[in-house]
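Predicted model only: the values in this text are computed from it and were never measured. Naming: A, B, ... by sequence-line order, numbering from 1 per chain. Atom set for the values below is all heavy atoms of this structure, side chains included, hydrogens, waters and symmetry mates excluded.
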Amino acid sequence: MSKKKSLYIYNSLSRKKEFFEPLNPPFVGLYVCGPTVYSDVHLGNVRSFMTFDVVYRYLTYLGYNVRYVRNITDVGHLLDDSDTGDDKIEKRARLEKIEPMEIVQKYTNGFHNTVNQFNLIPPSIEPTATGHIVEQIEMVQRIIKNGLAYEVNGSVYFDVKKYSEEHHYGELSGRKLDELLEQTRDNLEGGDEKKYFADFAIWKKASEETIMKWDSPWGIGVPGWHLECSVMSTKYLGQEFDIHGGGMDLKFPHHECEIAQSVGADGVNPVKYWMHGNMLTVNGTKMSKSLGNSFLPHELISGDHPLLEKGYTPMTVRFFFLQANYKSTVDFSNDALQGAEKGLIKLMNAIKTLSKLISSEKSSIDLNTIITNCNDSMNDDFNTPMTIAHLFDGVKMINSINDGKATISLSDLEKLQEHYNIFVFEILGLLPQNTDSSNDELPSELMNIIIELRKKSKENKDWDTADLIRDELKKLNISIKDTKDSSVWNYEE
RNA sequence: GGUUCCGUGGCCGAGUGGCUAGGCAGUGCUCUGCAAAAGCAUCUACAUCAGUUCGAAUCUGAUCGGAACCUCCA
């Protein structure tokens, strides 16, 4: 097995593919910005988390000991910096007339359910912002102590201007402060507490009505949104860690501010490799909550949405996403989804065939090329579409062997089965469809009897009966496909 | 307006300076009681215009079109 650790990762910071070398092998620290749990996650969110699910799976496959941290933002996601310190969750809580923590619990549960449906592996640690208020206050203090933050009326702002005297604010997003200034002139008006337009709140004074608030050296308030990620990544992965992931839309200002805070507090540039997943689009426009063009998971599965012609399984969607590079946008369309659906069935059927393949003395196929190609493409910045293409090369091979047009030795067969198990199920994280029912012994026994009966009627050239059996089973979403001297049955979608 | 990125065949999507991934759909053939599956073969390409080069879809420039970000977003 050519499982060489020659992984290259596209680093958003350098805008280049870089050879991946963990800071402390065999350990790898992976931090991914999780959801703000104020409403249902949509498919665009899912794609982002799925990207890093594959990253986690592949790093694990390579033998790294990965600590995977993905936070839950349950406080501090302010509507904006200039208002009264209201955040997204509180606003929602008022709307639904329940406790903020009920909102948090409700949508955290929803998030977990969704993410489970798409077979995402839970992170090693899933910390919450509210669980790290003390650490956040401490970080604010460190930043103040270093002279890079100032207090105004119970709020604390990060001093971007001061910071930029010695550091490069904008190194990740490629932004220049003076250019930013031109485009955000409006922000300078209106009695802002900030000294400089680009300053951002790291602690915000709470208003009377605010429900979730904490005491601090600056009075009652809430932590700033950007701060939690810096605090929790530092706490669980150290001041400097390997990979930080998130959606493209978090690059600025969120991730830029994270860098500034960490450098401002501890003097260390926190992340070695920054990874950013691209957006999911609908008719060419970003899927987002605020635009109202997002699909919710249950709409996707049922097909109950004006833009969907039918429902699609989570695995179809997973496969669909993985057929595109994570750095590209993916446009959601029925044609594309239906193509993915059929492609996935083809792949899964081949895996089923693979498990029943009969070995020969010798192999007439070149197994190592496929295995090497799959490893190489994953090593090339997690190129899943390429990997899937290589897996389809193997599908051709598997079907040829099944048709008797090629042969495979026992040791090669075992190797090939292992390869597909690892790549399809463990790395790409696909699941066989309908596992729950096909694992049941009774239907399988019953089907054997039915197929035997049908075989008898075929031998008697009683085509009416044979077709009747097949047609009636079809109504139960069970398909029968005849091979040379037997029949194969499957559940259909 | 600024920053970053993209424009590949009917649809989705990789990709390297020369040997034209892959999936879906189409066409023909093989197999087959029929159907499906599968196999084999095959048809549609690299936004436009210049330039560099022996050779460019791949490099450079311009043009056109699209997207994300520019303090809500994964």
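Heavy atoms of Ser173(A) sit under 4.0 angstrom from primed sugar atoms or phosphate atoms, though from no base atom. At the heavy-atom level, Leu347(A) lies nowhere under 4.0 Å from the strands shown.
Taking every side-chain heavy atom of Phe320(A) into account, C12(B) is the closest of C12(B), A74(B), G33(B). Across A74(B), A14(B), C70(B), the shortest atom-to-atom separation from the side chain of Pro253(A) is found for C70(B). Checked against A74(B), G15(B), G23(B), the side chain of Gln323(A) finds its nearest nucleotide in G23(B). Considering only the side chain of Ala198(A), U71(B) comes nearest among C5(B), A74(B), U71(B). Listed nucleotides: A67(B), C69(B), C12(B). Nearest to the side chain of Ser333(A): C12(B). The side chain of Met287(A) sits closest to A74(B) out of A74(B), A14(B), C70(B). Nearest to the side-chain atoms of Ser48(A) among the listed nucleotides A74(B), G13(B), C12(B) stands A74(B). Here the nucleotide nearest the side chain of Thr285(A), chosen from A68(B), U71(B), G22(B), is A68(B). Here A74(B) is the nucleotide among C70(B), A74(B), G23(B) with the atom lying nearest to any side-chain atom of Phe49(A).
The base-pairing partner of G51(B), taking Watson-Crick or G-U wobble contacts with both distances under 3.5 Å, is C59(B). Across all strands shown, G1(B) forms a Watson-Crick or G-U wobble pair with C70(B), both key distances being under 3.5 Å. Look at G39(B): its Watson-Crick or wobble partner, with both distances under 3.5 angstrom, is C29(B).
Looking at Thr51(A) and Ser48(A), their side chains never bring a donor and an acceptor atom within 3.5 Å of each other. Checking Glu258(A) against Ser262(A) by side-chain atom types alone, no donor-acceptor pair falls below 3.5 Å. At a cut-off of 3.5 Å, with distance as the only test, a side-chain donor of Thr316(A) or Thr313(A) sits close to an acceptor on the other residue.
We find that Lys195(A) and Asp159(A) are joined by a salt bridge, their nearest charged nitrogen and carboxylate oxygen being less than 4.0 Å apart.
Rounded to whole angstrom, the span from the CG atom of Asn373(A) across to the P atom of G15(B) amounts to 14 Å.
Taken residue by residue, residues 458-469 of chain A places heavy atoms nearer than 4.0 Å to RNA chain B at Trp463(A), Asp467(A).
Scanning atom types as modelled, one donor and one acceptor separated by under 3.5 angstrom connect the side chain of Arg470(A) and the base of A35(B).
A search for ring-ring contact (aromatic ring centres under 6.0 Å, His included) contacts involving Tyr31(A) returns His244(A), not counting sequence neighbours.
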Using nucleotides 37-39 of chain B, report all nitrogen or oxygen pairs with the protein that are shorter than 3.5 Å.
{"unit_1": "A38(B)", "atom_1": "O3'", "unit_2": "Asn399(A)", "atom_2": "ND2", "d": "3.0"}
{"unit_1": "A38(B)", "atom_1": "O2'", "unit_2": "Asp403(A)", "atom_2": "OD2", "d": "2.8"}
{"unit_1": "G39(B)", "atom_1": "OP1", "unit_2": "Asn399(A)", "atom_2": "ND2", "d": "3.4"}
{"unit_1": "G39(B)", "atom_1": "O2'", "unit_2": "Lys405(A)", "atom_2": "NZ", "d": "2.9"}

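A cation-pi arrangement is not found for Arg70(A) relative to Phe52(A), the charged atom failing to lie both closer than 6.0 Å to the ring centre and inside a 45° cone about the ring normal.
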